2 protein chains.
Amino acid sequence: MQLRMTNQREMILRELKKSKGHLSADELYERVKKFMPRISLATVYRNLEILSDARMIRKLEISGRQKRYDSVLVDHDHIYCVECHRIENLELGTSDVKLPVGEAKGYTITGRRLEVTGLCPVCQKKITKSKKIK
Amino acid sequence: MQLRMTNQREMILRELKKSKGHLSADELYERVKKFMPRISLATVYRNLEILSDARMIRKLEISGRQKRYDSVLVDHDHIYCVECHRIENLELGTSDVKLPVGEAKGYTITGRRLEVTGLCPVCQKKITKSKKIK
DNA sequence: CTTGACTTGCGAAAGATTATTATTTACGAT
DNA sequence: ATCGTAAATAATAATCTTTCGCAAGTCAAG
């Protein structure tokens, strides 16, 4: 199976890289649609899957409803806001997480995912305000 | 708001504890249905939500399609099989993960979730076998 | 026993993702 | 440059998981 670089695929890749964020499929769909009004949401999903299989992007199966996609391939972790679900990158040295090397429970370990949860600065303010009401 | 201990709720809690696993809502539904054939799936979902709000169980928002629920409340991490999606507990000392204390990117950190991915023993065998075919 | 808030069961709806299918397109070979 | 064909697309239907709305049922306090 050879993968072609179609206009749609190229555009999806470009917009994901441009955003530098962690977009969901439909957010990306909205952005791409500005340039290609006739693109289908299914195409976005399909290409995100294909690109992620091809290791050209990364699928984040982080908590929450929607999957998100990241154009940054280098290993890194994420921090996300429990209130507004914003996701940001987190640079932790690999030395910051000690893992059972090689095996644990008979598993062959292929990776790890560290997700830090918290309140982002914006939501902290919001909550401080609404406390008065409560 | 007071929460009642209805038969359904009790049964859901009991079956989740009995399994010691990490069941999805519909797996739990199937089990409970053996004892209460008329129970509704929505009731299972509702109660899992309520019990998890009440800190009587824990909702795992781990990668994958379905949410899973855990009756073990003590802090622990999880390892899951990329092939068969089985989830198991992982006991790591808190010292095994170093986190930026207090703040990172302006966030107030409320927790962390570590997910180790790998191939479980069963799937390792399956894959070794199928390699011959490829 | 009665009341009223909490719950249930059921069906429908919502949200996210995947599958189907007819049509179009990219790209290597001619 | 043109052709043939496998791969990709658009549009829509379908699926899967989870939630919602509401009438009817149930529990616990008085």
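Just so it is clear, the model here is predicted, and its values are computed rather than measured. In what follows, every chain begins at residue 1, and chains take the letters A, B, ... in the order their sequences are listed.
Between A:Arg46 and the phosphate of D:dT9, there is a side-chain N or O to OP1/OP2 separation shorter than 4.0 Å. Residue B:Gln8 has no polar side-chain atom (N or O) positioned under 4.0 Å from OP1 or OP2 of D:dT26. Look at A:Asn7 and you won't find any side-chain N or O under 4.0 angstrom from OP1 or OP2 of D:dT9. Considering only side-chain N and O atoms, A:Arg9 lies under 4.0 angstrom from the phosphate OP1 or OP2 of D:dA8. Between A:Thr43 and D:dA10, a side-chain N or O to OP1/OP2 separation shorter than 4.0 Å is present.
Within 4.0 Å (heavy atoms only), B:Arg38 reaches sugar-phosphate atoms of the nucleic acid but no base atom.
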A:Lys18/A:Glu15 under salt bridge (Lys or Arg N to Asp or Glu O under 4.0 Å): CA gap, chis, key distance, verdict: CA-CA 5 Å; A:Lys18 204 200 309 186; A:Glu15 283 301 308; 2.8 Å; yes
Interface polar pairs with nucleotides 28-30 of chain D, N/O, under 3.5 angstrom:
none

At a cut-off of 3.5 Å, list every protein nitrogen or oxygen paired with a nitrogen or oxygen from nucleotides 16-18 of chain D, distance to 0.1 Å.
| residue | atom | partner | partner atom | Å |
| --- | --- | --- | --- | --- |
| D:dT18 | OP1 | B:Lys67 | N | 2.8 |
| D:dT18 | OP2 | B:Tyr45 | OH | 2.2 |
| D:dT18 | O5' | B:Tyr45 | OH | 3.2 |

At a cut-off of 3.5 Å, list every protein nitrogen or oxygen paired with a nitrogen or oxygen from nucleotides 12-14 of chain D, distance to 0.1 Å.
none

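With 3.5 Å as the limit, one finds no donor-acceptor pair spanning the side chains of A:Gln8 and A:Thr43.
The side chain to side chain donor-acceptor pair (under 3.5 Å) test with B:Glu27 is passed by exactly one of B:Arg68, B:His22, B:Gln66: B:Arg68.
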